[in-house]
> 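Let me give you the structure first, and then I'll get to my questions.
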There are 2 protein chains.
Amino acid sequence: MIPRRDLLKGSSNSLLLCLLEQQPMYGYQIVKELEVRSQGYFKFKEGTLYPALHRLEKSGLILGKWQMLPNGRQRRYYHITARGQDKLAMEKTQWQDFLAAIKLILQPEPASP
Amino acid sequence: MIPRRDLLKGSSNSLLLCLLEQQPMYGYQIVKELEVRSQGYFKFKEGTLYPALHRLEKSGLILGKWQMLPNGRQRRYYHITARGQDKLAMEKTQWQDFLAAIKLILQPEPASP
DNA sequence: TCTTTTACTTAGACTCGCTATGTATGTCCA
DNA sequence: TGGACATACATAGCGAGTCTAAGTAAAAGA
């Protein structure tokens, strides 16, 4: 199985919002979580993930909060915002529309009788 | 319905190969055909389509042949090659894998008992 | 101590879809 | 005849987003 990660373009935002809707997470955790849940398919690179998170935060769709761990280390936990939830709902719909359009090409409808 | 054409990235090659597998077509026809079949969803721009066709031809996946019309005009008909058919079969599989991975994120599997 | 893992950041390359423009001809209608 | 519109292909340059690659830093484990 060869993952086609270029298919990701345009979907990564939705994936991230979707994860963060389920619970707040930090970057490194997101990478691991995506990999585990997709059974190894998604392996976000840092160069993909962090800029994406920064973009989402800048757009007000997520909010990052630094959190201090007992051992003194810091993690940046991202929470989805209300705007982010609206956006996610919209993107899910758009994703369905896209799939439907693709299906029409791959399996052309027979002409109506 | 707002088409999310950026989802197209990485899928346009497959779409084109898929169309051309069904029958040889020329550029302008492809644009129209995609729009009709997808019920208006896909509206390839020239700046998307023609470079894509050139790339596919350069990779040996399709083959363009100029054809003279009775009225003296020329059209470039593209045919899928054997390599193109192999590639398409592979991309369909990869597309399924991608969908499966997405689904795992959107609808997390319940933990096994 | 040394390696691996955790954790975040960013610069630069590359791909690919888009806008915009150019060329040229055919068709339809007034 | 002239103008508008559809047909038909091409490409330069922009922009968005993913990747490679490198840097920083500290905890955990061998």
Side-chain angles (χ1 to χ4, degrees), chain A residues 2-17 24-36 38 41-59 61-62 64-78 91 94 98 101-102, chain B residues 2-17 24-36 38 41-59 61-62 64-78 91 98 101:
Chain A
I2 304 160
R4 279 282 307 285
R5 290 190 240 277
D6 54 327
L7 289 174
L8 191 59
K9 298 197 185 199
S11 315
S12 63
N13 281 1
S14 308
L15 279 183
L16 296 178
L17 288 177
M25 296 176 85
Y26 56 97
Y28 192 82
Q29 182 186 12
I30 291 174
V31 173
K32 299 299 170 193
E33 190 73 15
L34 278 175
E35 185 171 355
V36 169
S38 69
Y41 191 95
F42 291 119
K43 296 187 184 185
F44 272 51
K45 314 298 175 184
E46 296 100 318
T48 300
L49 179 73
Y50 290 109
L53 288 174
H54 298 333
R55 275 197 305 277
L56 287 174
E57 185 168 30
K58 210 171 167 185
S59 312
L61 304 177
I62 63 176
K65 296 179 188 169
W66 283 107
Q67 196 161 316
M68 183 69 78
L69 298 183
N71 62 18
R73 297 187 66 168
Q74 294 231 327
R75 280 177 185 160
R76 192 152 175 79
Y77 276 87
Y78 287 95
E91 296 202 337
Q94 293 174 341
F98 176 73
I102 290 274
Chain B
I2 304 159
R4 277 282 306 284
R5 290 189 238 278
D6 54 327
L7 290 173
L8 193 58
K9 297 199 185 199
S11 315
S12 64
N13 281 1
S14 309
L15 278 184
L16 295 178
L17 288 176
M25 296 174 87
Y26 56 97
Y28 193 81
Q29 183 187 10
I30 292 175
V31 173
K32 298 300 170 190
E33 191 72 16
L34 280 175
E35 185 170 354
V36 168
S38 69
Y41 192 94
F42 291 119
K43 297 187 184 188
F44 272 50
K45 315 298 176 185
E46 295 101 318
T48 301
L49 179 72
Y50 291 109
L53 288 174
H54 298 334
R55 276 197 305 275
L56 288 174
E57 185 168 30
K58 210 171 167 185
S59 311
L61 303 178
I62 64 177
K65 295 177 188 172
W66 283 108
Q67 196 161 314
M68 182 69 78
L69 298 184
N71 61 20
R73 298 187 66 164
Q74 294 232 329
R75 281 176 185 161
R76 192 154 174 78
Y77 277 88
Y78 287 95
E91 296 202 337
F98 177 73

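In what follows, every chain begins at residue 1, and chains take the letters A, B, ... in the order their sequences are listed. These numbers were taken from a predicted model, which means no experiment stands behind them.
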> Can you tell me the distance, in whole Å, between the CZ atom of A/Phe42 and the C1' atom of D/dT18?
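Rounded to whole Å, this separation is 13 Å.
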> Please enumerate all residues that pass salt bridge (charged side-chain N to carboxylate O under 4.0 Å, His left out) together with A/Glu57, with sequence neighbours excluded.
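A/Arg76.
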> Counting only side-chain N and O atoms of A/Tyr26, is one of them less than 4.0 Å from OP1 or OP2 of C/dC8?
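So the side chain of A/Tyr26 is outside the cut-off, no N or O lying under 4.0 Å from OP1 or OP2 of C/dC8.
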> Contact class for B/Gly27 (heavy atom, under 4.0 Å): base, sugar-phosphate, or nothing?
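Sugar-phosphate only.
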> State whether A/Ser12 places a side-chain N or O below 4.0 Å from either non-bridging phosphate oxygen (OP1 or OP2) of D/dT18.
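Checking D/dT18 against A/Ser12, a side-chain N or O does come within under 4.0 Å of OP1 or OP2.
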> What is the distance, to the nearest angstrom, from the CD atom on B/Gln29 to the P atom on D/dA6?
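My rounded result for the distance is 18 Å.
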> Roughly how many Å is it from CD in A/Gln67 to P in C/dT6, rounded to a whole number?
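It works out to 18 Å between those atoms.
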> In whole angstrom, what separates A/Lys45's NZ from C/dA13's C1'?
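Rounding to the nearest Å, NZ of A/Lys45 and C1' of C/dA13 are 16 Å apart.
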> Side chain of B/Arg75, heavy atoms from C-beta onward: which of C/dT6, D/dA8, C/dG17 has the nearest atom to it?
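Shortest atom-to-atom distance from the side chain points to D/dA8.
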> Can you measure from OH (A/Tyr77) to CD1 (A/Ile30) and round to the nearest 0.5 angstrom?
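If I round to the nearest 0.5 Å, the distance is 10.5 Å.
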> Within the 4.0 Å limit for protein heavy atoms, which parts of nucleotides 22-30 of chain D are touched? Write it as a string from 5' to 3', B for base, S for sugar-phosphate only, - for none.
----BS---
> Taking salt bridge (charged side-chain N to carboxylate O under 4.0 Å, His left out) as the definition, give me every residue that meets it alongside A/Arg75, ordered by chain and number, with sequence neighbours left out.
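Salt bridge (charged side-chain N to carboxylate O under 4.0 Å, His left out) check on A/Arg75 returns nothing, list empty.
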> Starting at CZ of A/Arg55, measure out to CG of A/Leu53 and round the result to the nearest 0.5 Å.
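So the gap between those two atoms works out to 9.0 Å.
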> Tell me: CD of A/Glu35 to C1' of C/dA7, nearest whole Å?
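Rounding to the nearest Å, CD of A/Glu35 and C1' of C/dA7 are 16 Å apart.
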> Please report the distance, rounded to the nearest Å, between CD1 in B/Ile30 and C1' in D/dC9.
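After rounding, the reported distance stands at 12 Å.
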> With rounding to the nearest 0.5 angstrom, report the CG to CD1 distance, B/Leu17 to B/Ile62.
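So the CG of B/Leu17 and the CD1 of B/Ile62 are separated by 7.0 Å.
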> Once you round to the nearest 0.5 Å, how far does CG of A/Leu49 lie from CG of A/Leu15?
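One finds 11.0 Å between CG of A/Leu49 and CG of A/Leu15.
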> Under 4.0 Å, heavy atom to any atom of DNA chain C: which of residues 48-55 of chain A qualify?
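Result for residues 48-55 of chain A: A/Tyr50, A/Pro51, A/His54, sorted by number.
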> Expressed as a whole number of angstroms, how long is the span from B/Trp66:CH2 to D/dA8:P?
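In whole Å, D/dA8 P lies 11 Å from B/Trp66 CH2.
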> Please list, chain by chain and in numerical order, all residues satisfying side chain to side chain contact (heavy atoms under 4.5 Å, CB included) with B/Tyr28, sequence neighbours excluded.
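In terms of side chain to side chain contact (heavy atoms under 4.5 Å, CB included), with neighbours along the sequence ignored, B/Tyr28 is linked to B/Tyr26, B/Lys32, B/Tyr50.
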> Among residues at least two apart in sequence or on other chains, which ones pass side chain to side chain contact (heavy atoms under 4.5 Å, CB included) with A/Ser12?
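A/Ser12: side chain to side chain contact (heavy atoms under 4.5 Å, CB included) contacts with A/Leu8, A/Phe44.
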> Tell me: CZ of A/Phe44 to P of D/dT20, nearest whole Å?
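Rounded to the whole Å, the gap is 13 Å.
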> Of all the choices, C/dT9, D/dA8, C/dG17, which nucleotide is nearest to the side chain of A/Arg76 once you look at every atom?
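Side chain of A/Arg76 sits closest to C/dT9.
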> Side-chain contact, heavy-atom cut-off 4.5 Å: A/Ile102 with B/Phe42?
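Yes, their side chains come closer than 4.5 Å.
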